[in-house]
Amino acid sequence: MANQIKSEMLKGDLYMNGQWVSEPGQTYFESINPATGELVGICAAATIGQVDEAVAYAHKAYPMWRDLPVPERASYLLKAAQLFDIRKEELARVMTMEMGKVLAESLGEVGVVIATAQYMAGEGRRLFGETVPAGFPGRNVRMVREPLGVAACITPWNFPVSLASYKIFSALIAGNTVVWKPASEVALSAKIFVEILAEAGLPDGVVNLITGSGRTVGRRLAEHPDVKIISFTGSTEVGQQLAEMSCKTLKRISLELGGKNAVIVLKDADLDKAADGIVKSAFTTTGQRCTAASRVIVEKQVKEELLAKIVQLTKAMKIGNGLEEGNQIGPLVNEAQLHTVENYVKKAVDQGGNIVLGGKRAEELGGFYYEPTIIENVRPNDVIAQEEIFGPVLAIIEADSYEEAMEINNGTIYGLSTAIYTESLHYANRAAREAVSGLVYINNGTSNAEMGVAFGGMKMSGNGHREVSHHAFDVMTEWKSIYTNY
Ligand code: NAP
């Protein structure tokens with residue numbers, strides 16, 4: 001904990017009711033740059049009382065915000081989109097400093113925030129209801145979407161601002177107010193995000209930022225009776241806990257969770273394209289994406305050729321500080337994640353895996369760097385083929401046929417993203433049908449999302465809700481049916 005503040009470091013307070021606030025004796029936690037180990041800044045660790053205060057402000061602001069016409073709510077998002085564009089370099093740099101992804105990726109992520117603001121502003125014009133033919137004379141029946149109240153948005157560190165924008169902007173356009181709890185690693189990026197919303201003129205209390213540990217802040221939000229929606233992205237383990245905690249107050253809860261994504265490569269595939277898609281999906285964001293490719297399931301006949309191509313492309317990737325141009329793979333987010341990755345690689349070797357590339361820290365770089373790692377001789381039920389690693393580690397698994405490859409693909413607890421490379425219309429279409437995944441990519445890597453397309457996972461990767469598209473309103477609104485006898 002850091003309570004002595006140097007003037008040059010960034011400092012994040014809590015944001016509630018339109019004010020940046022801290023209380024006497026407020027505790028602060030540190031944000032550390034994983035590339036250098038340097039302190040980026042400090043952020044307020046909210047107390048339970050402060051969480052309650054933020055919820056109370058959001059609750060108070062709700063009727064006013066709900067009653068604003070949607071185009072007026074949309075105008076704040078459109079203004080914010082312009083401001084994000086003006087401050088994109090600054091926001092992207094802070095993101096890279098806090099969690100390590102390379103600057104080009106951070107800038108791309110701010111681009112997603114801008115697109116989401118514009119998209120959701122437009123969707124506001126399409127919050128359509130339904131009319132139903134009435135069963136009695138002199139009556140009409142209609143159904144309308146209504147907001148629920150306070151939405152608590154709890155987000156992870158790997159996409160510090162885009163995931164928040166999916167949640168916050170869909171909540172706001174639907175007429176809910178927001179309390180946002182970002183991951184502690186990226187609390188300063190969250191601060192800039194909220195500064196921009198404040199600058200866009202959002203009325204007081206409509207968006208509130210509460211930083212601090214998930215165990216304190218997240219838990220309180222999940223239990224709070226005035227929080228009506230929990231929109232969570234993060235690990236399956238925490239998602240399960242939140243579901244349990246929030247069921248007592250019957251909250252709407254949306255869970256976007258972990259994955260164990262695979263790329264299936266059939267023997268008729270274009271192997272150059274497959275290798276390119278695999279390497280990009282496996283190692284961008286240092287493998288710390290929910291949709292990262294962590295398994296390649298390849299037909300035996302082409303395994304050696306594909307592997308050689310993957311190794312060649314991976315060797316050409318430059319690891320280093322994300323702020324320096326030309327680097328393509330940054331550090332892992334923190335030391336704990338580095339240890340997690342090391343342990344998984346050790347387990348893979350213990351179970352008979354053979355390291356083809358990497359398999360160790362990039363110690364010469366300092367920071368929390370791990371070399372992009374490729375492991376062959378992995379069997380479908382090995383630990384490394386079953387559990388989410390969240391690092392730059394790719395397991396190569398061989399299969400005798402499409403059918404076996406699909407069985408392996410579906411043989412984990414997760415169901416987020418599946419890719420298949422094949423020239424066969426037959427197998428491409430079967431994969432689209434047979435993969436138990438919320439996302440299926442044909443001749444593309446596992447990691448890609450387009451605005452307006454439902455995003456989310458099956459099985460333990462989520463609880464059936466979807467983001468990014470208008471389907472987000474299935475979480476952010478509820479139906480009211482109105483009968484009028486005239
Ligand atoms: P995490 O540990 O589950 O944390 C996510 C958020 O929950 C953070 O804000 C965290 O706060 C908070 N939290 C932690 N413990 C909590 C608790 N007991 N009660 C309430 N809140 C709690 O996940 P992460 O390490 O940040 O992110 C990586 C995970 O996110 C991976 O599993 C990845 O697959 C998943 N993810 C999924 C998607 C998707 O769309 N499906 C997208 C991106 C990431 P603090 O960390 O500040 O304590």
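The analysis underlying the following values was restricted to heavy atoms, covering all of them including side chains, and did not include hydrogens, waters or symmetry mates. In listed order, ligands and their atoms are each counted from 1. Values in this document were obtained by computation on a predicted structure and should not be read as measured data.
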Flag Trp157 as yes when one of its N or O atoms lies below 3.5 Å from any N or O atom of ligand 1, and as no otherwise.
yes

Which atoms of ligand 1 are found less than 4.0 Å from any heavy atom of Ile154?
6 (C), 7 (O), 9 (O), 12 (C)

Atom 11 (O) of ligand 1 - nearest protein heavy atom and its distance:
Lys181 NZ, 2.8 Å

Between Tyr421 and Gly445, is there a donor-acceptor pair closer than 3.5 Å when you use the side chain of the first and the backbone of the second?
yes

Starting from atom 2 (O) of ligand 1, which protein heavy atom do you reach first, and at what distance in Å?
Ser235 OG, 4.0 Å

Atom 28 (C) of ligand 1 sits nearest the protein heavy atom Phe390 CE2, 3.5 Å

Measure the distance from atom 31 (C) of ligand 1 to every protein heavy atom, then report the residue, atom name and distance (to 0.1 Å) of the closest one.
Glu388 OE1, 3.4 Å

Can you confirm whether the side chains of Ser447 and Thr291 place a donor and an acceptor under 3.5 Å from each other?
yes

Looking at Arg145 and Asp474, is there a salt bridge between them, counting it only when a charged N and a carboxylate O are closer than 4.0 Å?
yes

Salt bridge between Asp52 and Arg220, side-chain N to carboxylate O under 4.0 Å?
yes

Does Ala419 offer a backbone N or O that forms a donor-acceptor pair with the side chain of Asn444 under 3.5 Å?
no

Hey, does the side chain of Thr446 reach the backbone of Ala293 with a donor-acceptor pair shorter than 3.5 angstrom?
yes

Give the numbers and elements of all ligand 1 atoms closer than 4.0 Å to a heavy atom of Glu256.
37 (C), 39 (C), 40 (O), 41 (N)

Do the charged groups of Arg126 and Glu123 touch, with an N to O distance under 4.0 Å?
yes

Sub-4.0 Å atoms of ligand 1 with respect to non-hydrogen atoms of Arg219:
19 (N), 20 (C)

Give a yes/no on ligand 1: does Gly456 have at least one heavy atom closer than 4.0 angstrom to it?
no

Could you check atom 18 (N) of ligand 1 against the protein and tell me its nearest heavy-atom contact, residue, atom and distance included?
Gln241 OE1, 3.1 Å

Cation-pi check, Lys101 to Phe159: give yes when NZ or CZ is under 6.0 Å from the six-membered ring centre and within 45° of the ring axis, no otherwise.
yes

Heavy-atom protein contact below 4.0 Å for atom 4 (O) of ligand 1:
no

Check ligand 1 against Phe455 and write out every atom of the ligand that is under 4.0 Å from a heavy-atom position of the residue.
40 (O)

With Lys347 as the cation and Tyr344 as the aromatic partner, state whether NZ or CZ is under 6.0 Å from the six-membered ring centre and within 45° of the axis.
yes

Nearest heavy atom to atom 29 (C) of ligand 1: which of Cys290, Pro156, Gly234 does it belong to?
Gly234

Of all the non-hydrogen atoms in the protein, which one sits nearest to atom 7 (O) of ligand 1, and at what distance?
Phe232 CE1, 3.3 Å

Can you list the atoms of ligand 1 that are under 4.0 Å from a heavy atom of Gly212?
47 (O)

Close-contact set for ligand 1 against Gly214 heavy atoms, below 4.0 Å:
11 (O), 12 (C), 13 (N), 14 (C), 16 (C), 17 (C), 19 (N), 20 (C), 21 (N), 22 (C), 45 (P), 47 (O), 48 (O)

Considering only the protein, which heavy-atom contact is closest to atom 15 (N) of ligand 1, and what is its distance?
Val238 CG2, 3.6 Å

To which protein heavy atom is atom 9 (O) of ligand 1 closest, and what is the distance rounded to 0.1 Å?
Thr155 O, 2.7 Å

Side chains of Tyr441 and Ser417, heavy atoms from C-beta outward: is any pair under 4.5 Å?
yes

Contact partition for Leu257 relative to ligand 1, non-hydrogen atoms under 4.0 Å
backbone

Lys260 side chain to Ile384 backbone, donor-acceptor under 3.5 Å:
yes

Where ligand 1 meets Asn158 - atom numbers and elements under 4.0 angstrom, heavy-atom basis
43 (C), 44 (C)

Touching ligand 1 at all, Phe159? Heavy atoms, strictly under 4.0 Å?
no

Short list, please: which atoms of ligand 1 are under 4.0 Å from a heavy atom of Ala183?
8 (C), 9 (O), 47 (O)

Sidechain-backbone polar pair: Thr177 side chain, Val206 backbone, donor-acceptor under 3.5 Å:
no

Ionic contact status for Glu342 with Arg361, cut-off 4.0 Å
yes

Donor + acceptor pair across side chains of Glu98, Asn33 (<3.5 Å)
no

Location of contacts on Leu163 toward ligand 1, heavy atoms closer than 4.0 Å:
side chain

Among the heavy atoms of Pro182, does any lie under 4.0 Å from an atom of ligand 1?
yes

